[in-house]
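Have a look at the structure below, then the notes.
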Protein chains: 2
Amino acid sequence: MALEHALLVALRERPASGLELARRFDRSIGFFWHATHQQIYRVLARMEGDGWLTVRTVAQSGRPDKKEYDVSAAGREVLADWLAADTTVEPLRSELAVKLRAASYGDRARVRRLAEEHLAEHHARLAAYHRMAADQYPDPESLTGADRDRFLVLRGGVRLEEFWIGWLSEYLETTTEGQR
Amino acid sequence: MALEHALLVALRERPASGLELARRFDRSIGFFWHATHQQIYRVLARMEGDGWLTVRTVAQSGRPDKKEYDVSAAGREVLADWLAADTTVEPLRSELAVKLRAASYGDRARVRRLAEEHLAEHHARLAAYHRMAADQYPDPESLTGADRDRFLVLRGGVRLEEFWIGWLSEYLETTTEGQR
DNA sequence: GCTGTCATGTAACAGGTTACATGATTCG
DNA sequence: CGAATCATGTAACCTGTTACATGACAGC
């Protein structure tokens with residue numbers, strides 16, 4: 001139970017419609033959380049029912065109306081309470097890791113190729129994050145408050161990609177093409 | 001859909017009962033996958049029904065009987081097919097990361113303390129993984145096949161903990177106690 | 001007219017979590 | 001005798017995914 005809270009965070013940063021939230025989840029917030037629009041619509045409806053959000057219908061020129069959600073006073077309280085609550089260390093779930101471990105029960109060369117594909121993808125993501133950092137935070141030293149928090153989470157995204165690149169590189173260097 | 005496959009991997013390494021698998025998932029395999037015993041029992045039953053596993057009841061002295069599962073020929077084929085299939089890069093889901101980003105909407109000092117607690121936990125895990133590596137793989141250079149694969153996944157566990165330690169340390173150094 | 005995008009949703013299903021139940025045995 | 005461990009499971013619930021549906025407008 002935390003999509004609610006991730007949505008409260010996103011909406012405190014800026015009120016938005018369901019689709020806008022889904023798009024935002026594929027970028028900034030999405031380093032460490034993800035959700036599809038279907039899931040977001042469902043949860044938004046529940047949150048509105050619980051009084052955590054307010055809605056207003058916004059007419060747009062040349063586009064369908066949208067429902068813009070904002071966090072209510074009750075929602076702010078829920079968010080503050082959640083922030084103060086204990087949080088356990090979640091296990092990372094990686095299908096690729098299971099495959100790396102299992103390589104000897106199938107086509108080892110194929111598993112290597114999967115690792116290479118993932119490595120390329122992580123390189124691309126790292127480059128994208130570096131670009132975001134350069135664009136949005138040209139002077140990190142001077143950041144404060146919510147801006148600094150967002151920058152530091154982007155730093156986490158960078159470091160996570162570096163983790164993958166480091167590990168997969170080690171894997172690929174240690175195992176070699178046509179091996180036992 | 002991959003708990004099935006993680007279980008096939010675990011059972012190919014060594015036949016086991018449901019509870020033994022649950023315990024194993026909290027260690028070795030569990031760096032990158034996790035499941036509770038309830039979930040494991042449910043999935044084992046389905047896999048047996050699908051003919052991926054064989055079972056035999058093993059009597060034990062001073063303990064209840066256990067059902068020991070092993071992978072059937074059909075199960076081996078399923079595993080090999082899955083290994084060759086494409087795997088997408090999964091997003092990491094971290095409640096703590098969302099809280100770090102949201103610190104300015106609640107008690108910032110409290111969020112810092114959560115980060116400190118997680119940092120301590122990751123230090124402890126890293127130490128445990130280093131101990132495992134030293135105990136189980138005293139001579140990594142000479143490893144081959146499945147042993148080398150298992151070692152390399154343990155290396156991933158080590159690197160993942162280093163990621164957390166690096167990031168949370170950066171976070172704690174950049175934000176300071178009684179700050180805006 | 002067709003395709004693509006914006007925008008919101010429903011329905012069915014698969015996967016995962018939490019709580020509880022049972023029964024035997026060992027250990028203090 | 002009570003608590004802890006071993007072992008297997010059921011039931012209810014919550015979360016997340018996939019597929020599909022609708023309608024309006026923009027651009028080719």
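Residue numbering restarts at 1 for every chain, and letters A, B, ... go by the order of the sequence lines.
To the nearest angstrom, C1' of dT15(D) lies 13 Å from CG of Leu7(A). Protein atom CD of Gln39(A) is 18 Å distant from nucleotide atom P of dA11(C), rounded to whole Å. Distance CD (Glu90(B)) to C1' (dG16(D)): 14 Å, rounded to an integer number of Å. One interatomic measurement links the two molecules: CG of Leu3(A) to P of dT17(C), which rounds to 16 Å at whole-angstrom precision. For Glu95(A) and dG15(C), the CD to P distance is 12 Å, given to the nearest whole Å. Asp50(B) places its CG atom 14 Å from the C1' atom of dA14(C), with the value rounded to the nearest Å. The CZ atom of Arg42(A) sits 14 Å away from the P atom of dC13(C) (whole-angstrom rounding). We find that CE of Met47(A) is positioned 16 Å from P of dC14(D), with the value rounded to whole Å.
Within the structure, every pair that satisfies the salt bridge (Lys or Arg N to Asp or Glu O under 4.0 Å) test and touches residues 5-18 of chain B, not counting sequence neighbours, is listed here: Arg101(A)-Glu13(B), Glu13(B)-Arg150(B). Among residues at least two apart or in separate chains, salt bridge (Lys or Arg N to Asp or Glu O under 4.0 Å) pairs with a member in residues 76-94 of chain A are Asp86(A)-Arg110(B). Sequence neighbours left out, the pairs with a member in residues 157-169 of chain B that pass side-chain hydrogen bond (donor to acceptor under 3.5 Å, both in side chains) are Glu170(A)-Arg159(B), His122(B)-Glu161(B).
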Sugar-phosphate atoms are those with a prime plus P, OP1 and OP2; base atoms are the rest. Using that split, label each nucleotide of nucleotides 3-8 of chain D B, S or - for protein heavy atoms under 4.0 Å, 5' to 3'. ---BBB
Full working for side-chain hydrogen bond (donor to acceptor under 3.5 Å, both in side chains) between Thr87(B) and Lys99(A): CA-CA 9 Å; Thr87(B) 291; Lys99(A) 289 190 178 184; 2.6 Å; yes
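Here the straight-line distance linking atom CG of Leu119(A) with atom CG of Leu114(A) works out to 12.5 Å at 0.5 Å rounding.
Evaluation of the side-chain contact (heavy atoms from CB on, under 4.5 Å) rule for Ala22(B) yields His37(B), Ile40(B) as partners, not counting sequence neighbours.
The side chain of Thr36(A) sits closest to dT17(D) out of dT17(D), dG16(C), dG16(D).
Side-chain contacts under 4.5 Å among hydrophobic residues (ILVMFWY), followed directly or transitively, place Tyr41(B) together with Leu19(B).
Proximity of Arg93(A) to the phosphate of dG16(C): a side-chain N or O atom is located under 4.0 Å from OP1 or OP2. At the phosphate of dT10(C), neither OP1 nor OP2 sits under 4.0 Å from any side-chain N or O atom of Gln38(A).
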